[in-house]
Amino acid sequence: MLFDHCAECQSCCHVEAGYGTLEITLTQKESKRFRHLCIEDQCEYLGAKGCTLGDQKPLSCKLYPLSFDPDTKKYSFDSDCPLLPEYKRQLKDPQSDASQHMREMNKLLLDRSLVDEPFLRRNREIDVDFFDLVPVPKPRHLK
């Protein structure tokens, strides 16, 4: 599976010294549960085998390594994530893990655009400030 490497790498759940604090953008519902979530050096929910929140992790964490621009409706990818080449390759296959991930994110982000536009805008602002983003074309089979 594509994201199996994440439990080993865990770089997205760490912030290197000198880079400041990474705010995890929360939806309105997530804000009630977590109140505020930031990574200063390592995410408090990072365990030995990856995220201890499982399916309950915040939407912005589920979205990573993608970033969504609510104005252009286009995706970018954190170029520091080692999955970038494989993710892009897999997007050519409608049945791949990458295609499934992008399809799921499309659905979740569409839902957010209807009820929580500020989440989308804030998440993009943080992504642009914190990550080195490169465009990722949305495949035809996902349009």
Side-chain angles (χ1 to χ4, degrees), residues 1-94 96-139 142-143:
M1 299 208 50
L2 176 66
F3 291 104
D4 285 351
H5 179 72
C6 298
E8 181 182 318
C9 174
Q10 300 180 355
S11 65
C12 59
C13 301
H14 289 92
V15 174
E16 292 181 30
Y19 281 93
T21 300
L22 173 59
E23 175 188 345
I24 304 300
T25 315
L26 301 172
T27 65
Q28 293 170 350
K29 183 177 179 181
E30 292 167 349
S31 292
K32 292 175 184 169
R33 178 175 179 210
F34 294 106
R35 301 199 69 157
H36 189 70
L37 190 56
C38 290
I39 301 174
E40 292 184 24
D41 61 354
Q42 176 179 304
C43 179
E44 65 184 284
Y45 295 103
L46 179 62
K49 296 182 180 180
C51 184
T52 60
L53 294 173
D55 290 338
Q56 300 304 310
K57 67 177 129 184
L59 176 55
S60 59
C61 294
K62 290 178 185 177
L63 179 61
Y64 185 85
L66 293 176
S67 177
F68 179 73
D69 184 333
D71 294 326
T72 65
K73 309 290 189 244
K74 293 184 179 181
Y75 286 95
S76 301
F77 201 99
D78 179 3
S79 65
D80 288 335
C81 177
L83 293 180
L84 178 59
E86 181 63 13
Y87 196 97
K88 287 173 82 172
R89 188 191 70 72
Q90 282 194 20
L91 284 176
K92 297 173 186 167
D93 175 5
S96 70
D97 290 340
S99 291
Q100 182 178 346
H101 177 251
M102 189 176 274
R103 198 169 16 260
E104 181 182 339
M105 293 305 102
N106 272 327
K107 181 186 181 321
L108 292 172
L109 294 171
L110 176 61
D111 292 347
R112 285 296 101 212
S113 69
L114 299 174
V115 298
D116 196 359
E117 183 77 21
F119 163 81
L120 295 176
R121 295 200 177 285
R122 181 70 183 135
N123 192 66
R124 180 62 178 188
E125 288 172 10
I126 290 170
D127 288 352
V128 167
D129 285 345
F130 207 84
F131 302 117
D132 182 20
L133 300 172
V134 295
V136 174
K138 194 171 169 185
L142 292 176
K143 291 183 181 179

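Note that the structure is predicted; figures quoted are calculated from it, not measured. Heavy atoms only: backbone and side chains are in, while hydrogens, waters and symmetry mates are out.
Residues passing the side-chain hydrogen bond (donor to acceptor under 3.5 Å, both in side chains) test with H5: none are found, sequence neighbours excluded. In this structure S11 satisfies the side chain to side chain contact (heavy atoms under 4.5 Å, CB included) test together with C9, sequence neighbours excluded. When the salt bridge (Lys or Arg N to Asp or Glu O under 4.0 Å) test is applied to D71, the partners found at least two apart in sequence or on another chain are R121. Residues forming a salt bridge (Lys or Arg N to Asp or Glu O under 4.0 Å) with E104 (at least two apart in sequence, or on another chain): none. D93 is linked by a side chain to side chain contact (heavy atoms under 4.5 Å, CB included) to Q95, S96, counting only residues two or more places apart in sequence or in another chain. Applying the salt bridge (Lys or Arg N to Asp or Glu O under 4.0 Å) test to E30 and every residue at least two apart in sequence or in another chain returns nothing. In this structure Y87 satisfies the side-chain hydrogen bond (donor to acceptor under 3.5 Å, both in side chains) test together with H101, sequence neighbours excluded. Listed by chain and number, the residues in a side chain to side chain contact (heavy atoms under 4.5 Å, CB included) with S79 are D132, V134 (sequence neighbours excluded). Residues satisfying the side chain to side chain contact (heavy atoms under 4.5 Å, CB included) criterion with F130, sequence neighbours excluded, are V15, Y19, L22. A search for salt bridge (Lys or Arg N to Asp or Glu O under 4.0 Å) contacts involving E125 returns R122, not counting sequence neighbours.
Annotation: side chain of K92 is not in contact with side chain of S99 (no heavy-atom distance under 4.5 Å). Side chains of V128 and S76 form no contact here, defined as non-hydrogen atoms less than 4.5 Å apart. Side-chain contact between I39 and H14 is absent, with no heavy atoms from C-beta onward closer than 4.5 Å. When side chains are defined from C-beta on, H36 does not count as touching I24, because their heavy atoms never get closer than 4.5 Å. Side-chain contact check for T52 versus L46: every heavy-atom pair is 4.5 Å or farther apart.
Closest heavy-atom contact between F68 and P70: O-CD, 3.4 Å. In this structure, S67 and L63 approach most closely via the heavy-atom pair CA-CD2, 4.4 Å. Closest of all the heavy-atom pairs between V136 and L91 is CG1-CD1, 3.5 Å. Here the closest non-hydrogen pair linking C6 and L83 is SG-CD1, 3.8 Å.
Checked by atom type and distance alone, the side chain of K62 pairs as donor or acceptor with a backbone atom of D55 at under 3.5 Å. The backbone N or O of S60 lies less than 3.5 Å from no partner atom in the side chain of T25, so there is not a single donor-acceptor pair. With hydrogens and angles ignored, the 3.5 Å screen pairs no side-chain donor or acceptor of E23 with any backbone N or O of C38.
Side-chain atoms of Y75 and N106 include a donor-acceptor pair closer than 3.5 Å. Using modelled atom types and a 3.5 Å distance limit, the side chains of T27 and R112 yield no donor-acceptor pair.
Applying the salt bridge (charged side-chain N to carboxylate O under 4.0 Å, His left out) test to every pair with at least one member in residues 73-87, sequence neighbours left out, gives these pairs: E86-R89. Here salt bridge (charged side-chain N to carboxylate O under 4.0 Å, His left out) pairs that include residues 37-52, with residues two or more places apart or in two chains, number zero.
Taking CD of Q42 as the reference point, atom SG of C13 lies at 8.0 Å (rounded to 0.5 Å). The structure places CD1 of I126 at 6.5 Å from CG of N123, a figure rounded to the nearest 0.5 Å. The NZ atom of K107 sits 13.0 Å away from the CZ atom of R103 when rounded to the nearest 0.5 Å. Taken from OG in S113 to CZ in F119, the straight-line distance is 11.5 Å, to the nearest 0.5 Å. L109 contributes atom CG, which lies 11.0 Å from atom CG of D116 (distance to the nearest 0.5 angstrom). Separation of atoms CZ (F3) and CG (D97) is listed at 7.5 Å; rounding is to 0.5 Å.
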For this session: Evaluate side chain to side chain contact (heavy atoms under 4.5 Å, CB included) for L66 paired with F77, printing each intermediate quantity in order.
Result: CA-CA 5 Å; L66 293 176; F77 201 99; 3.7 Å; yes
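Note on ring orientation: taking the six-membered ring where Trp is involved, the planes of Y64 and F131 are tilted (angle from 30° to 60°).
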